[in-house]
Amino acid sequence: MGTETDSASSVVGQGQATEPKPILLVESVFESAVLMSRIFRELNLLDQLAISMDCEGALVRLRQASVARPRLILLDVRMPRMSARSFLEVIKSDSVLRMIPVVVLGDSDRAEDVARYYELGAAGYMVQDGEYTDVLDKMRALSNYWMLSRSPMTH
C-alpha cells in the first residue's frame, strides 16, 4: 500500500491500470489556483490538471477539438462575468459536454445553496474552508473516486 502522498492512481488496486483522466479547474482567484496546483502536485496529478481563470475561457477550452476533454470539472462558485450557475447551465444543456461531471467548490453550507447546484446538474458540491490540509484531504478523496469511476465518454 502506498503512502499518503502517492498518486490517486496508485491506490486503485494491484494490477489495475487507469487511463489518464484530465481535470479542468475553473478558478478565478490566482492564489486559489496556486493552492490547487500545489495540492495536485502533492497528489502526483499535476500533469492532469488544466486551469481556466474564468467560465468563458473554460467554455472556449471545452469546445476546442485539439484539447482533450476533461473527465471532471472543478468549478469555483465565485466567478467574474459569467456566473458558475450560468456556466453549469451551458455545460448541462450542451449535448457534447453534459456528460462531464462538474463538482462545485463553494463556501456556503446552506442547504438551499447546495441544492441549487444539484438542480442544475452538478455531480457534487464541496465546501472549501481554504485550509491547505482540509482542501488536500478533500481533493485526495475526490481524485481517488474519479480515478476509479468509469466515464461514459470512453465507453
Side-chain angles (χ1 to χ4, degrees), residues 7-8 18-155:
S7 73
T18 59
E19 73 277 6
K21 294 188 175 184
I23 298 168
L24 175 61
L25 171 65
V26 185
E27 173 61 70
S28 64
V29 178
F30 179 76
E31 292 80 8
S32 297
V34 170
L35 172 73
M36 292 296 273
S37 295
R38 284 182 53 212
I39 286 169
F40 276 81
R41 182 180 311 112
E42 188 166 332
L43 296 173
N44 294 321
L45 294 172
L46 186 60
D47 60 331
Q48 295 186 42
L49 183 67
I51 300 173
S52 287
M53 298 304 288
D54 58 38
C55 293
E56 295 91 342
L59 285 174
V60 168
R61 179 182 185 82
L62 288 167
R63 291 179 173 145
Q64 288 178 329
S66 62
V67 177
R69 283 221 172 77
R71 300 290 181 80
L72 175 66
I73 298 172
L74 302 174
L75 175 63
D76 186 55
V77 295
R78 295 182 184 212
M79 287 286 130
R81 296 178 302 279
M82 177 185 256
S83 71
R85 280 185 282 224
S86 295
F87 175 80
L88 196 50
E89 288 172 345
V90 169
I91 294 293
K92 295 306 174 182
S93 67
D94 184 298
S95 63
V96 175
L97 303 176
R98 78 168 129 233
M99 296 305 286
I100 303 172
V102 178
V103 174
V104 175
L105 307 175
D107 54 4
S108 173
D109 202 16
R110 294 180 29 205
E112 57 271 16
D113 293 335
V114 175
R116 186 174 302 124
Y117 286 99
Y118 277 102
E119 288 167 359
L120 292 171
Y125 184 100
M126 298 179 107
V127 177
Q128 297 187 138
D129 68 5
E131 292 295 320
Y132 184 83
T133 54
D134 177 64
V135 178
L136 174 65
D137 289 344
K138 288 176 180 173
M139 290 302 111
R140 179 180 290 119
L142 181 65
S143 63
N144 284 339
Y145 173 78
W146 289 117
M147 290 301 139
L148 291 171
S149 181
R150 290 179 56 119
S151 170
M153 297 182 312
T154 60
H155 296 95

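Numbers here simply count residues along the sequence, with the first being 1.
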What distance do [X] atom [atom1] and [Y] atom [atom2] have between them, rounded to the nearest 0.5 Å?
X    : Y    : atom1 : atom2 : value
L142 : M126 : CG    : CE    : 5.0 Å
S143 : L45  : OG    : CG    : 5.0 Å
Y132 : D137 : OH    : CG    : 10.0 Å
L72  : L24  : CG    : CG    : 9.0 Å
M36  : M139 : CE    : CE    : 4.0 Å

I need the minimum non-hydrogen distance between [X] and [Y], along with the two atoms involved.
X    : Y    : answer
S108 : V127 : O-CG2, 3.5 Å
L25  : A33  : CD2-CA, 4.3 Å
L75  : A84  : CD2-O, 3.6 Å
F87  : A58  : CE1-CB, 3.7 Å
W146 : V103 : NE1-CG2, 4.2 Å
M53  : I51  : SD-CG2, 3.8 Å

Identify, with sequence neighbours excluded, every residue that meets side-chain contact (heavy atoms from CB on, under 4.5 Å) alongside [X].
X    : answer
E131 : D129, D134
A122 : L88, V104, Y117
V67  : R61, Q64
Y145 : S149

E112: partners by salt bridge (Lys or Arg N to Asp or Glu O under 4.0 Å), with sequence neighbours left out: R110

For a quick test of your reading: what N or O donor-acceptor pairs under 3.5 Å do the side chains of residues 90-102 make, sequence neighbours left out?
residue : atom : partner : partner atom : Å
K92     : NZ   : R98     : O            : 2.9
K92     : NZ   : I100    : O            : 2.9
S93     : OG   : E89     : O            : 3.1
S93     : OG   : V90     : O            : 3.1
D94     : OD1  : V96     : N            : 2.7
D94     : OD1  : L97     : N            : 3.0

Once side-chain hydrogen bond (donor to acceptor under 3.5 Å, both in side chains) is applied, do any residues pair with [X], and if so which ones, sequence neighbours excluded?
X   : value
R38 : none
R85 : none
S37 : none

Quick one: salt bridge (Lys or Arg N to Asp or Glu O under 4.0 Å) pairs with a partner in [range], sequence neighbours left out?
range            : value
residues 45-57   : D54-R81, E56-R81
residues 24-35   : none
residues 116-126 : D113-R116

Close side-chain approach of S52 to L59, heavy-atom, < 4.5 Å: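 No - every pair of side-chain heavy atoms lies 4.5 Å or more apart.
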
Side chain to side chain, Q48 and F40, heavy atoms closer than 4.5 Å: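 Not touching, per the 4.5 Å side-chain cut-off.
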
